Enquirer: 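Would you mind keeping the following structure in view while I ask a few things?
We number each residue from 1, following the sequence as shown. As the structure is a computational prediction, the values presented were derived from the model and not from experiment.
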Amino acid sequence: MKNNLILTLLLMVSSLHAQEQKESYSFSLQQAIEHAVKNNYSAINANRDIDAAKQKKWETTAAGLPQINAGLDYQNNFELQKSLIPAEFFGGNPGEFATVAFGTKHNMTARANLSQLIFDGSYIVALQASKTYLKYYENAKQKTSSEIREMVINAYGNVLLAQESISILEKNKATLSKTLTDTEETYKNGLIEEENVEQLQITLASINSNLNNTKRLLDVAYKMLKYTLGIDLDAELKLTDKLDSLSVSNLDLAFSQGAFAVTNNIDYQMATNFQEQRALELKLERSKALPSLSANVNFGYNAFNDQFAFFQKDQKWLNYSNLGVSLNVPIFSSLGRSARTQQAKIALEQAKTKLTETEQALKLQYEKAKSEFEFSIEEYATSKSNLNLAERIERKQQIKFTEGLSSSFDFSEAQRQLYTAQQNYLQSMVNIINKKATLEKIINKN
């Protein structure tokens with residue numbers, strides 16, 4: 001009995017431990033993009049919008065297909081309606097009236113109706129509009145995927161930037177700490193002034209502050225990336241790509257030299273879709289001037305009784321059936337239909353103007369994104385060169401400072417210049433990745 005209890009407790013502890021284990025993910029940048037396109041919260045709802053649009057399309061189609069309805073009506077005449085008729089019909093005196101109640105206390109009708117739309121211009125337009133409606137949400141899904149791709153690239157790059165910044169700051173801290181220790185020993189021997197020590201202490205304190213802040217930013221950057229990926233914020237996430245390798249792989253200046261096809265841009269396609277919708281709305285208003293034709297067939301049974309005995313064998317049910325055809329011809333609407341048509345024409349012209357505006361705006365965005373991408377490549381080369389120079393200057397100043405040939409101010413200035421060059425170099429690598437992602441989004445390259 002005791003062994004069984006221990007075994008049960010072990011199983012419970014094991015089960016709780018398994019539940020507490022966090023999910024773990026490991027992504028390259030491309031894998032992160034593929035995961036986010038499927039699992040990002042906006043992407044999930046974009047897929048649902050497409051599913052809903054498909055159902056809406058079928059709803060529109062079904063409106064022109066046969067419709068069958070059935071029903072059962074029951075009426076309890078607890079007080080029958082009465083009428084007055086001449087009393088002489090029943091042997092009474094002329095000029096007098098008798099009160100008579102017509103009908104039975106209980107009535108029931110079982111009915112079925114079959115209807116079919118034969119012709120309606122607005123239905124034909126609605127079918128065309130349902131396809132455009134679905135196309136709109138398909139384009140919206142593509143736009144969402146494009147935006148998610150850019151967000152993942154930016155978030156992924158921010159994590160790598162924070163990681164590299166922490167690595168450099170820790171290296172700078174270790175180097176400066178050693179220099180500070182050596183300088184303190186030199187000061188104790190009376191060979192330098194206390195100001196030299198204090199200057200290094202100020203620089204070290206600044207590095208520690210930046211290091212702590214960057215660690216906090218790394219945590220925020222990770223959570224932002226997890227959110228974009230559509231995974232739990234407490235899940236474990238490992239990035240397999242490195243910042244330098246990603247930046248080098250994006251150093252493709254020839255990429256920005258190709259011709260820009262504005263028709264490939266998803267915003268242009270959505271503006272075109274919007275124009276098509278407005279054209280169909282105009283077509284719909286015009287179609288309302290056409291006749292509409294429909295037909296229906298009705299079947300039913302009526303039953304009457306002073307007692308509720310409709311389901312007994314001797315109850316009589318009286319059947320009926322009819323066929324009907326309905327033709328509706330619009331003749332005059334006091335120019336109301338014409339006013340609606342003119343409104344639709346104006347809306348279509350506005351959509352055409354909006355499409356032209358979108359085309360010009362996209363061309364401008366492309367030129368701006370192209371220029372910024374090309375500049376990011378130039379900036380990367382410049383910052384890399386400046387970093388090499390700053391490293392050489394800092395090393396020379398460190399040697400001079402150690403040998404007493406340079407002041408602590410000159411050495412600290414060289415250090416600050418190096419730290420700035422390091423951050424500029426890291427940021428230039430991230431800029432290449434982000435600016436190319438922006439350019440790819442505009443030309444719709446996935």
Side-chain angles (χ1 to χ4, degrees), residues 37-38 41-71 111-147 263 265-299 322-333 335-355 358:
V37 168
K38 295 179 181 178
Y41 306 115
S42 297
I44 292 173
N45 279 336
N47 285 326
R48 289 171 178 160
D49 285 337
I50 292 178
D51 293 337
K54 290 178 179 178
Q55 296 302 320
K56 183 68 176 180
K57 180 182 177 183
W58 177 249
E59 176 190 355
T60 304
T61 303
L65 300 178
Q67 309 290 317
I68 299 178
N69 296 288
R111 53 185 168 75
N113 171 267
L114 169 64
S115 61
Q116 172 63 59
L117 179 65
I118 299 175
F119 175 79
D120 190 333
S122 61
Y123 172 71
I124 297 174
V125 177
L127 286 178
Q128 297 172 336
S130 65
K131 296 178 182 178
T132 306
Y133 181 78
L134 176 59
K135 182 63 176 177
Y136 170 82
Y137 282 104
E138 290 174 344
N139 286 337
K141 172 62 172 66
Q142 186 178 348
K143 180 178 175 62
T144 299
S145 298
S146 179
E147 291 173 345
T263 54
N265 184 275
I266 190 61
D267 288 325
Y268 182 85
Q269 293 173 8
M270 293 185 73
T272 302
N273 180 267
F274 182 72
Q275 178 180 307
E276 292 173 354
Q277 292 179 28
R278 289 293 179 262
L280 287 171
E281 288 175 4
L282 174 58
K283 191 174 181 180
L284 175 63
E285 293 302 329
R286 287 173 172 171
S287 70
K288 291 179 180 179
L290 299 175
S292 61
L293 181 65
S294 62
N296 63 82
V297 180
N298 296 287
F299 303 91
N322 57 69
L323 168 66
V325 178
S326 176
L327 175 64
N328 181 55
V329 182
I331 297 176
F332 183 64
S333 64
L335 300 180
R337 189 166 52 249
S338 175
R340 290 191 296 271
T341 301
Q342 292 303 316
Q343 292 177 58
K345 281 183 179 180
I346 294 172
L348 176 57
E349 292 303 318
Q350 289 177 324
K352 290 179 179 179
T353 302
K354 186 66 177 178
L355 179 61
T358 301

Enquirer: State the CG-CD distance between Asp49 and Glu138, to the nearest 0.5 angstrom.
Expert: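 It is 12.0 Å, given to the nearest 0.5 Å.
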Enquirer: Heavy-atom distance under 4.5 Å between the side chains of Asn47 and Tyr137, does that happen here?
Expert: no
Enquirer: Run the numbers on Gln275 and Leu348 for side-chain contact (heavy atoms from CB on, under 4.5 Å), then give the verdict.
Expert: CA-CA 6 Å; Gln275 178 180 307; Leu348 176 57; 4.1 Å; yes
Enquirer: If you look at every heavy atom in Ala63 and Tyr123, which pair is closest and at what distance?
Expert: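 Shortest heavy-atom contact: C-CE1, 4.1 Å.
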Enquirer: What's the spacing between Phe119 CZ and Ile124 CD1 if we round to 0.5 Å?
Expert: 5.0 Å
Enquirer: Measure across Leu290 and Gly121 and return the closest heavy-atom pair with its distance rounded to 0.1 Å.
Expert: CD1-CA, 4.4 Å
Enquirer: Kindly indicate, with the supporting measurements, whether the criterion side-chain contact (heavy atoms from CB on, under 4.5 Å) is fulfilled by Arg111 and Asn298.
Expert: CA-CA 7 Å; Arg111 53 185 168 75; Asn298 296 287; over 6 Å; no
Enquirer: So does Tyr268 have more than 12 non-hydrogen atoms from other groups sitting under 6.0 Å from OH?
Expert: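 Counting other residues, nucleotides and ligands, OH of Tyr268 exceeds 12 neighbours.
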Enquirer: Please lay out, stage by stage, how Glu285 and Lys288 fare under the test salt bridge (charged side-chain N to carboxylate O under 4.0 Å, His left out).
Expert: CA-CA 5 Å; Glu285 293 302 329; Lys288 291 179 180 179; 3.5 Å; yes
Enquirer: Identify whether the distance between the nearest side-chain nitrogen and carboxylate oxygen of Arg278 and Glu281 falls below 4.0 Å.
Expert: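 Looking at Arg278 and Glu281, the cut-off is met.
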Enquirer: On a heavy-atom basis, which atom in Ala344 and which in Leu282 lie closest, and how many Å separate them?
Expert: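 Shortest heavy-atom separation between Ala344 and Leu282 comes out as CB-CA, 3.6 Å.
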Enquirer: Strictly by modelled atom types, are Asn273 and Gln269 linked by a side-chain donor-acceptor pair under 3.5 Å?
Expert: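 No pair is found: no donor N or O on one side chain lies under 3.5 Å from an acceptor on the other.
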Enquirer: Kindly determine whether Gln350 and Ile346 satisfy side-chain contact (heavy atoms from CB on, under 4.5 Å), including the steps that lead there.
Expert: CA-CA 6 Å; Gln350 289 177 324; Ile346 294 172; 4.3 Å; yes
Enquirer: Would you call Lys345-Glu349 a salt bridge at under 4.0 Å N-O?
Expert: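 Glu349 and Lys345: not salt-bridged.
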Enquirer: Passes side-chain contact (heavy atoms from CB on, under 4.5 Å), Trp58 versus Leu65? Steps please.
Expert: CA-CA 11 Å; Trp58 177 249; Leu65 300 178; 3.9 Å; yes
Enquirer: Please round to the nearest 0.5 Å and tell me the distance separating atom OG1 of Thr272 and atom CG of Asn265.
Expert: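 Between atom OG1 of Thr272 and atom CG of Asn265 there are 10.0 Å.
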Enquirer: Rounded to the nearest 0.5 Å, how far apart are CD of Glu147 and OG of Ser42?
Expert: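 Going from CD on Glu147 over to OG on Ser42, the span is 8.5 Å.
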Enquirer: Find the distance between CD (Gln116) and CD1 (Ile68) and round it off to the nearest 0.5 Å.
Expert: 10.5 Å
Enquirer: How long is the straight-line distance from CG of Leu293 back to CG of Leu327, given to the nearest 0.5 Å?
Expert: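 Going from CG on Leu327 over to CG on Leu293, the span is 5.5 Å.
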Enquirer: Can you name the closest pair of heavy atoms from Val37 and Lys141 and give their distance?
Expert: O-NZ, 4.1 Å
Enquirer: Take atom NZ of Lys135 as the centre, draw a 6.0 Å sphere, and report whether it contains more than 12 heavy atoms from other residues, nucleotides or ligands.
Expert: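 Counting other residues, nucleotides and ligands, NZ of Lys135 stays at 12 neighbours or fewer.
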Enquirer: Establish, from distance only, whether the side-chain atoms of Lys283 and Ser287 form a donor-acceptor pair under 3.5 Å.
Expert: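 Result is no, nothing qualifies.
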Enquirer: Which atom names give the shortest non-hydrogen contact between Ala129 and Leu280, and what distance separates them?
Expert: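 That closest heavy-atom pairing would be CA-CD1, 3.5 Å.
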